[in-house]
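Report on the following structure.
Owing to the predicted nature of the structure, the values given are computational and were not obtained by experimental measurement. Only this structure's heavy atoms are used, side chains among them; waters, hydrogens and symmetry mates stay out. All ligand and atom numbering here is 1-based and tracks the order in the structure.
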Amino acid sequence: MHLTSVEEKMLAGEDGYAVQKNMQILTALGDIFGADKMIPVSSVQVAGVSYYNLGDAGLEYLHGLADKGAKARVKTTLNPAGMDLENWRELGIDEHFALKQEQLIQAFVKMEITASCTCTPYLVGNEPGRGDHIAWSESSAVTYANSILGAMTNREGGPSALAAAITGRTPSYGMHLEENRKPQVRVKIETKLGAVPDFGALGYTVGKKIGPKIPLFEGIDTAPVEQLKSLCASIATYGGTALFHKHDTSYRQVETPGETLTITRADIEGALRALNDEAAGVDFVALGCPHCTLAEIKKIADLLEGKRVTKEFWICTARQTMKEAEKNGDAQKIRAAGAKFACDTCMAVAPLKGRFRVLATDSAKACYYGRGTNDFKTHIGSVEECVNAAVTGKWT
Ligand code: F3S
């Protein structure tokens, strides 16, 4: 791989041990994937932040880097952590876990990484532009960045994203090359899609049918951010897709592929059935996968007004978004009903195994992790159905 003289010096250790080690990681990665050079990145998003996933080995690795002087050279934010960094007690997190999670966050902060702890960095100030080369690692955000924002990123692992932050570089391969970003399957949607669960079901269906091939969607051009982030999360989870095209956001003219997949109402209904388990009752309701927008919080607040929840109900969102909701009074309505904000974290990366039995959510991705990571039974439905489940404890 060709390295510039600046990069050669980084690799030789002239910028210190931490830069050298991370340049070694990136050159090794570049060699594996046949990259011919490094490219500068303007934004990094690091996943692998929860102590639930990282454990003591991860904690030791991160503090080792921080103690050796590693610093982020470009705007870098974090994916959700294992707990709400302020209200962890209210969410039932134990002291030992909280202490370890705080130590992990301290290591990132020492490396001058912003502890925004969200999977929707594009909603809270880390929003790259079209054609920008970036290194993000949260799968839903990667798909959103490539497909909706028009930025260019591979789906990084936590360590390679961190290495990109510390060096300001990433190897040039995969999604950084135009020739790898062409649509491969035309997806004709022959049904009217409704709210968020329909878009999760679309991602589930298309992901299962075409895997990581790049789709060109016809029929979702007017979908708002809430539906699109749900689609990104779902298609990345069930198909491994890092990029899709839709007509109005394709910043380059793309050719329509010959292979065609048609999606009907029967496909959407089938996906929703597959994500709904046979399970009586609900004991945990979680919305915000990916993290809620302000508009989603407003809707939840309006639905909860004058009601009282009887089951644990988490609204997962970025702390910055929750603070906005406090300004307009929606956060107060939600808390008055007994529901809880889960800022900085989510239902998949918090230590929840064994605490609950049946999850109700509007997110296809949350169903995947609820089942896989936490052994929950799952119900997927509209926000209205989820709020009703939190109030009644029943799924209707
Ligand atoms: Fe975000 Fe957690 Fe879902 S990281 S996309 S809320 S599984």
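Of all atoms in ligand 1, numbered sequentially from 1 with element shown, those under 4.0 Å from a heavy atom of Ser140 are 5 (S).
Nearest protein heavy-atom contact of atom 5 (S) of ligand 1 is Lys365 NZ, 3.4 Å. With respect to atom 2 (Fe) of ligand 1, the closest heavy atom belonging to the protein is Cys346 SG, 2.3 Å.
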- Residue pair Glu7, Arg169: steps toward the salt bridge (charged side-chain N to carboxylate O under 4.0 Å, His left out) verdict: CA-CA 9 Å; Glu7 290 157 0; Arg169 304 287 195 282; 2.6 Å; yes

- Stepwise, does the salt bridge (charged side-chain N to carboxylate O under 4.0 Å, His left out) test hold for Asp198 with Lys192? CA-CA 9 Å; Asp198 273 7; Lys192 193 169 157 33; over 6 Å; no

- Would Lys9 and Asp15 count as a salt bridge (charged side-chain N to carboxylate O under 4.0 Å, His left out) if you check the C-alpha gap in whole Å, the side-chain angles of each, and the deciding distance to 0.1 Å? CA-CA 7 Å; Lys9 285 178 184 167; Asp15 288 1; over 6 Å; no

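Counting only non-hydrogen atoms, the option in Ala350, Ala233, Ala342, Ala348 that gets closest to atom 7 (S) of ligand 1 is Ala348.
With salt bridges taken as basic N to acidic carboxylate O contacts below 4.0 Å, none links Asp84 and Lys340.
Assignment of Gly288 to the shell around ligand 1 is supported, since a heavy atom sits closer than 4.0 Å. Note on ligand 1: Pro80 sits in its first shell, one or more heavy atoms being nearer than 4.0 Å.
At least one N, O or S atom of Cys119, from either the backbone or the side chain, sits less than 2.8 Å from atom 1 (Fe) of ligand 1. Within the coordination shell of atom 2 (Fe) of ligand 1, defined by N, O or S atoms under 2.8 Å, Cys289 is absent.
For Tyr238, the OH atom counts as densely surrounded, since its 6.0 Å shell holds more than 12 non-hydrogen atoms of other residues, nucleotides or ligands.
The residue from Thr118, Thr321, Thr345, Asp344 that alone fulfils the side-chain hydrogen bond (donor to acceptor under 3.5 Å, both in side chains) condition with His291 is Thr118.
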